[in-house]
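Predicted model, so just to flag it, every value in this text is computed and none were measured. Throughout, a chain's letter reflects where its sequence line sits, starting with A, and its residues are numbered from 1. Side-chain atoms are counted along with the backbone in the values below, which use heavy atoms only and exclude waters and symmetry mates.
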Amino acid sequence: MTSLSLPSPAKLFPQPPSQRRPPSPQSLTTSTHHHKRKPKFETLKDNLIRHADAGDIKKAISTLDFMAQNGLTPDLTSFSVLLKSCIRTRNFLLGKLIHSKLTDSQLELDSIVLNSLISLYSKNGDWFTAQTIFETMGDKRDLVSWSAMISCYAHSNMELQAIFTFFDMIECGEHPNQFCFSAAIQACSNVEYAWIGMVIFGFVIKTGYFESDVCVGCSLIDLFSKGLRDLNMAKKVFDQMPQKNSVSWTLIITRFSQLCDPRSAIELFLEMVLTGSVPDKFTFSSVLSASSELQWLLFGQQLHSLVVRSGLLSDVCVGCSLVDMYAKSTADGSMNDSRKVFDRMPVHNVMSWTAIITGYVQSGGDDREAIQLYHMMMEEGSVKPNHFTFSALLKACGNLTNLELGKIVYCHAVKFGLAYFDSVGNALISLYARCDKMEDARRAFELLFEKNLVSYNTIIDAYAKNLNSDDSFDFFSEIEDSGVRVDAFTYASLLSGAASVGAVGKGEQIHARLLKAGFESNQCICNALISMYSRCGNIEAAFQVFQEMSDRNIISWTAMITGFAKHGSAERALDMFNKMLSSGVKPNEVTYVAVLSACSHAGMIDEGWKYFRSMSEYHGISPRMEHYACMVDLLGRSGFLEKAVQFIKSMPFVADALVWRTLLGACQVHGNVELGKHAAEMIHEQDPNDPAAYVLLSNLYASGGQWEKVADIRKGMKARNLVKEAGCSWIETENKVHRFYVGDTEHPQAKEIYEKLDQLAAKIKKMGYVPNTNFVLHEVEEEQKEHYLFQHSEKLAVAFGLISTPKPKPIRIFKNLRVCGDCHSAMKYISLATGREIVVRDSNRFHHINNGLCSCNDYW
DNA sequence: CTAGGGTTAG
């Protein structure tokens with residue numbers, strides 16, 4: 001037993017006087033009952049074990065010290081019980097204290113205590129101390145020591161050491177048991193070492209541990225799912241496991257959910273419930289996340305009620321998953337249910353706070369509420385934000401284009417020491433990009449601690465969205481050179497960059513690259529290709545991509561319908577829509593915007609009304625502002641201005657600037673000054689600084705020749721420091737984008753361009769073209785007006801297209817604003833005179849001009 | 001004394 005001559009640990013670890021006093025009678029009832037007698041060793045030991053088992057380690061340690069003070073040196077079993085309790089309750093600090101007391105006791109340590117120490121340090125993340133103990137064990141090493149050490153390495157990102165240790169063990173003549181096997185296989189559950197895992201798998205089969213042990217089965221599921229990315233094999237392992245429990249069920253459900261197959265995850269969950277296994281909090285978190293991935297609200301609600309019935313609602317993680325599920329699944333972006341769950345949670349942690357904040361940022365985008373919640377979180381004070389919290393918050397600031405707020409948020413991230421996470425750095429890049437600060441975005445990119453694919457994708461996307469496709473392509477080459485493998489996201493950004501500038505040549509190049517990289521069947525990319533070709537003016541190429549897709553989703557259909565609508569093919573758009581319905585895909589809000597705008601572009605009033613009604617009647621989608629704006633457009637363009645006003649008044653909510661701007665546009669087309677003025681007033685009521693309203697109104701007055709009013713408006717704009725967006729047209733030739741502004745002489749071939757324009761002017765006048773000088777918005781002489789007309793940016797671009805591209809190719813022009821009426825008419829004549837097809841994308845739609853006719857039927 | 005499952009993300 002114990003030798004009484006050893007020094008008392010209490011002398012080596014003096015405690016504050018208050019604690020050095022003998023424990024109170026309450027805590028040591030049996031021993032101090034007859035305080036005059038010497039306390040008995042066995043009694044004290046029993047007390048110690050009782051405290052340790054109850055998890056009250058402090059009391060157990062007091063007892064230990066008390067023993068020592070009374071000359072009764074504790075035995076190994078007492079220490080061992082204490083250590084186990086520390087490990088169980090993850091109280092590493094006291095565990096280390098016991099280790100030092102153990103060292104001071106100079107007892108001869110046995111395998112059990114040493115193994116406990118390895119486990120203690122391993123769980124505390126201190127692999128080095130664990131290793132030191134393991135190495136000094138000598139022949140005291142047993143299977144437990146080996147398993148603990150292998151597992152320690154496997155959990156410390158030292159997979160190779162874990163594997164070596166496993167083979168060392170075999171060389172030492174040990175026969176691995178299920179613990180060793182599952183630890184070693186865990187170390188192999190990654191792409192790099194999966195092949196070693198397969199070798200070990202062979203051992204497992206031979207030794208029969210696969211049949212006998214659920215844990216070994218679980219580690220094999222991970223070997224196949226995480227190591228070999230083969231869910232089918234993982235499922236086979238699972239199916240062949242003779243015993244299943246809630247852990248193995250949850251594991252297989254989670255892997256399906258994580259590896260992009262949430263449907264199967266949910267099917268497995270149902271199978272689990274039907275076969276009588278009881279889902280626990282882990283299972284619910286996992287299956288809820290699969291459900292939110294699919295946005296299956298109804299199923300999510302059923303899970304919610306199951307959670308309630310299972311009494312798991314108070315678990316933080318389950319609550320967090322519910323918050324996330326409601327945020328992602330609620331179709332109209334309402335956060336109400338999500339918030340309700342959040343508010344009723346008894347305890348919050350970083351994840352639940354972050355989940356609700358992220359929910360607000362991503363769902364409908366109540367970014368202010370997200371920031372508000374951050375304030376609440378800080379005030380509440382018990383939870384520290386993490387890098388996920390900050391990337392969500394920075395995104396909120398980007399959505400609000402509030403750079404000042406973003407900077408404050410970023411400072412908080414710096415203070416919390418989280419700024420070096422790449423997710424935070426990347427969010428900062430996005431923030432600057434959203435606020436139109438590309439130089440700062442670029443600097444933030446250069447200063448990143450570590451650039452990963454997401455960083456490249458972020459900056460590429462930023463350049464693409466800021467109409468700077470050249471820079472985004474440069475970055476693309478840079479990534480390719482650096483050997484980083486690009487992903488679908490990269491291609492999608494590049495395609496949307498090409499699409500927004502209308503660089504079809506660049507778009508085709510990317511198409512070729514992604515074919516080579518094997519992304520041709522990727523749904524997201526195909527959708528991006530459809531919209532790229534369509535937005536670049538090549539609707540047939542878009543349609544071809546669409547037809548070749550094997551798996552179309554709502555986005556594919558909507559992209560195609562939008563494409564046909566913008567290109568003025570209302571019939572094909574509506575045909576697509578009906579085909580979509582019969583193929584069983586449910587339309588969403590965006591689809592209806594496309595359908596209604598198809599009707600409006602084609603002047604199909606009755607059809608438009610029919611579809612407008614059907615959206616709520618048959619598909620339960622309540623019309624949003626955009627849909628009302630489409631209907632106002634439809635009525636307004638057809639000249640039913642009064643009806644349009646009635647319609648606006650009948651709306652269930654207050655019309656916003658978009659709706660009024662649409663009406664103002666219609667007023668301009670139909671020359672209704674009074675109503676136009678009213679519309680402009682309504683716009684300025686909501687946004688006194690909206691330059692578009694001033695410009696439209698000024699155009700309206702100008703076309704009626706009311707020059708004083710035009711001048712008044714200009715003065716008003718000047719006083720408010722408002723600048724009208726400059727009209728700009730561009731054209732891509734040989735992969736280069738050429739931009740033109742009104743009266744531009746910057747282009748190297750300017751001389752040729754103006755000569756060409758003079759020629760054209762003469763030619764088309766002979767053919768019957770009459771310049772419509774109403775489109776010149778200054779009060780000048782007629783001749784001068786005509787001169788101005790022929791400096792319009794779209795005409796310059798057409799002239800450049802004619803001299804720089806060969807004949808059968810259509811000339812594709814892009815304009816940031818709506819195409820001018822005179823240019824539209826002139827281009828029709830030009831198409832007739834030159835036999836060239838001219839395709840114009842303006843801010844509203846496409847014009848396919850051929851043989852003197854335009855696809856818009858002069859109705860836009 | 002040794003082993004297995006979950007949540008927030010650009």
Side-chain angles (χ1 to χ4, degrees), chain A residues 80-81 83-84 87-88 110-120 122-123 140 142-152 154-155 176-186 189 209 213-222 245-255 257-258 279-290 292 312 315-325 327-328 349-359 361-362 385-392 394-395 398 421-431 452-458 461 489:
Chain A
S80 164
V81 167
L83 279 174
K84 279 186 226 169
I87 293 166
R88 209 179 57 238
D110 63 1
S111 318
I112 295 181
V113 170
L114 287 163
N115 290 341
S116 294
L117 287 171
I118 291 176
S119 168
L120 177 80
S122 160
K123 289 201 166 118
K140 283 185 195 151
D142 56 13
L143 277 181
V144 177
S145 338
W146 286 103
S147 312
M149 204 55 228
I150 295 168
S151 161
C152 172
H155 286 123
N177 62 9
Q178 68 270 39
F179 294 99
C180 308
F181 276 126
S182 60
I185 294 170
Q186 269 180 67
S189 296
Y209 280 116
D213 194 85
V214 191
C215 281
V216 173
C218 286
S219 65
L220 287 170
I221 290 176
D222 267 358
N245 60 14
S246 60
V247 177
S248 56
W249 273 109
T250 306
L251 178 64
I252 192 81
I253 289 170
T254 309
R255 294 294 170 259
S257 168
Q258 286 171 339
D280 59 14
K281 56 180 183 170
F282 297 101
T283 325
F284 278 116
S285 300
S286 181
V287 74
L288 275 167
S289 127
S292 48
L312 295 168
D315 181 75
V316 180
C317 291
V318 173
C320 175
S321 304
L322 278 167
V323 167
D324 183 53
M325 184 278 292
K328 288 199 175 122
N349 63 8
V350 215
M351 283 190 187
S352 61
W353 280 105
T354 307
I356 190 82
I357 289 174
T358 310
V361 179
Q362 289 187 336
N386 64 14
H387 58 293
F388 292 127
T389 325
F390 281 111
S391 42
L394 287 170
K395 193 175 170 172
F421 276 93
D422 30 279
S423 56
V424 176
N426 293 338
L428 184 70
I429 299 174
S430 293
L431 170 73
N452 58 16
L453 181 58
V454 179
S455 333
Y456 278 106
N457 285 345
T458 309
D461 197 54
F489 193 85

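Below the 3.5 angstrom threshold, one finds a donor paired with an acceptor across the side chain of A/D280 and the base of B/dG5. With hydrogens and angles ignored, no donor-acceptor pair closer than 3.5 Å exists between the side chain of A/D222 and the base of B/dG5. For A/S147 against B/dT2, a side-chain-to-base donor-acceptor contact under 3.5 Å is present. Taking 3.5 Å as the limit, the base of B/dG5 and the side chain of A/T250 contain a donor-acceptor pair of atoms between them.
Residue contacts shown for A/S219 are absent, as no nucleic acid heavy atom lies under 4.0 Å away. Counting non-hydrogen atoms under 4.0 angstrom, A/S246 reaches a base of the nucleic acid. Here A/N452 lies in heavy-atom contact (under 4.0 Å) with a base. Residue A/V214 is classed as a base contact, given a heavy-atom separation below 4.0 Å to a base. Using a 4.0 Å heavy-atom criterion, one finds that A/D422 contacts the bases of the nucleic acid, with or without backbone contacts as well. Nucleic acid contact class of A/V318 (heavy atoms, under 4.0 Å, all strands): base.
For A/S119, a side-chain nitrogen or oxygen approaches OP1 or OP2 of B/dT2 to under 4.0 Å. At B/dT7, none of the side-chain N or O atoms of A/K328 fall inside 4.0 Å of OP1 or OP2 (strictly under the cut-off). Look at A/K123 and you'll find a side-chain N or O under 4.0 angstrom from OP1 or OP2 of B/dT2. Dashed line: the shortest gap from a side-chain N or O of A/H155 to OP1 or OP2 of B/dT2 is not under 4.0 Å. Distances shorter than 4.0 Å separate none of the side-chain N or O atoms of A/R255 from OP1 or OP2 on B/dG5.
Atom CD in A/Q362 sits about 15 Å away from atom C1' in B/dT7, given to the nearest Å. Note: CG (A/D315) to C1' (B/dG5) measures 13 Å, nearest angstrom. Between A/N457 atom CG and B/dG10 atom C1' the separation is 9 Å, expressed in whole Å. Rounded to whole Å, the distance from CG on A/L431 to P on B/dA9 is 19 Å. Summarising the geometry, the separation between CD1 on A/I118 and C1' on B/dA3 is reported as 15 Å, rounded to the nearest angstrom. Atom CH2 of A/W249 is separated from atom P of B/dG6 by 17 Å (rounded to the nearest Å). For the pair A/Q258 CD and B/dG6 C1', the interatomic distance rounds to 9 Å; values are reported in whole Å. Note: CG (A/N426) to P (B/dG10) measures 10 Å, nearest angstrom.
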Verdict with supporting geometry, A/I357 and A/T389, side chain to side chain contact (heavy atoms under 4.5 Å, CB included):
CA-CA 7 Å; A/I357 289 174; A/T389 325; 4.0 Å; yes
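Between A/T458 and A/S430, the closest heavy-atom pair is CG2-OG, 3.2 Å.
Taking the side chain as every heavy atom from C-beta outward, A/D222 and A/Q186 never approach each other to under 4.5 Å. Here the side chains of A/N177 and A/S147 are in contact, with some heavy-atom distance below 4.5 Å.
When only modelled atom types and interatomic distance are considered, A/N426 and A/N457 share no side-chain donor-acceptor pair under 3.5 Å.
Remark: A/N245 pairs with A/S248 by the side-chain hydrogen bond (donor to acceptor under 3.5 Å, both in side chains) rule, at least two apart or across chains. A/K123 is linked by a salt bridge (charged side-chain N to carboxylate O under 4.0 Å, His left out) to nothing, counting only residues two or more places apart in sequence or in another chain.
Listed nucleotides: B/dA9, B/dT2, B/dT7. Nearest to the side chain of A/A148: B/dT2. Looking at the side chain of A/V247, the nearest of the listed nucleotides B/dT7, B/dG4, B/dA3 is B/dG4. Set against B/dA3, B/dG10, B/dT8, the side chain of A/C320 has B/dT8 as its closest nucleotide. Residue A/T358 places its side chain closer to B/dG10 than to any other of B/dG4, B/dG5, B/dG10. Taking every side-chain heavy atom of A/C215 into account, B/dG4 is the closest of B/dG4, B/dT8, B/dG10. The side chain of A/S285 sits closest to B/dG6 out of B/dT8, B/dG10, B/dG6. Across B/dA9, B/dT8, B/dG6, the shortest atom-to-atom separation from the side chain of A/N386 is found for B/dT8.
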